[in-house]
Every structure is written in C-alpha cells, then in structure tokens.
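Positions are given from 1, in the same order as the sequence printed here.
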Amino acid sequence: MSAYEQRPDHYFRQYERLDTAELHGDWLSLLPSTQLLVLDVGAGSGRDAAWFAD
C-alpha cells in the first residue's frame, strides 16, 4: 500500500495549503494573457480548476 493510500487526508490537506500560482509558477508565464479555455484533467479536489476559472 502506498503512502498516499495510507494517509490520503494528510496529502489532501498538504496540497490544498499550497498557493496555486506558486506551485505552477514555472510554466504559468507561458500562458497567453488573453482569455482561454483550460482543461484540468486530474483526480484532485478541483482546486486548480477553480483557480483557473477565477
């Protein structure tokens, strides 16, 4: 059993605490400054998708 499977609550809280802009800062500057559509494909909480929607 992986560490994530053993303690999913811990990893969820840890990820949710991170600042999205800081977490993805390495590549956010590559996005155009105009309005665009973003497809967030993952198995997370939706935090990043909500950030992009804002």
Side-chain angles (χ1 to χ4, degrees):
M1 182 178 280
S2 74
Y4 183 79
E5 290 172 313
Q6 292 175 1
R7 300 179 57 205
D9 296 350
H10 166 77
Y11 290 101
F12 174 79
R13 286 189 307 273
Q14 190 175 31
Y15 187 74
E16 288 294 312
R17 274 191 293 229
L18 298 173
D19 177 64
T20 303
E22 189 174 322
L23 179 66
H24 300 303
D26 291 344
W27 57 268
L28 286 176
S29 64
L30 301 173
L31 296 176
S33 59
T34 59
Q35 185 176 3
L36 65 143
L37 297 174
V38 174
L39 174 62
D40 177 18
V41 179
S45 64
R47 182 200 66 158
D48 293 344
W51 185 85
F52 278 111
D54 283 342

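Closest heavy-atom contact between Val41 and Leu39: CG2-CG, 3.4 Å. Of all the heavy atoms in Trp51 and Ala21, the pair that sits closest is CZ2-CB, 3.8 Å.
To the nearest 0.5 angstrom, Arg13 atom CZ is 8.0 Å from Arg7 atom CZ. Separation of atoms NE2 (His24) and CG (Asp19) is listed at 9.5 Å; rounding is to 0.5 Å.
Taking a 4.5 Å side-chain heavy-atom cut-off between Ile, Leu, Val, Met, Phe, Trp and Tyr, the cluster of Tyr15 extends to Leu18, Leu23.
For Ser2, the side-chain hydrogen bond (donor to acceptor under 3.5 Å, both in side chains) partners at least two apart in sequence or on another chain are Glu5.
The hydrophobic clustering, which links ILVMFWY residues whose side-chain heavy atoms are closer than 4.5 Å, places Leu36 and Leu30 together.
Taking a 6.0 Å sphere around CD of Glu22, one finds it holds 12 or fewer heavy atoms contributed by other residues, nucleotides or ligands.
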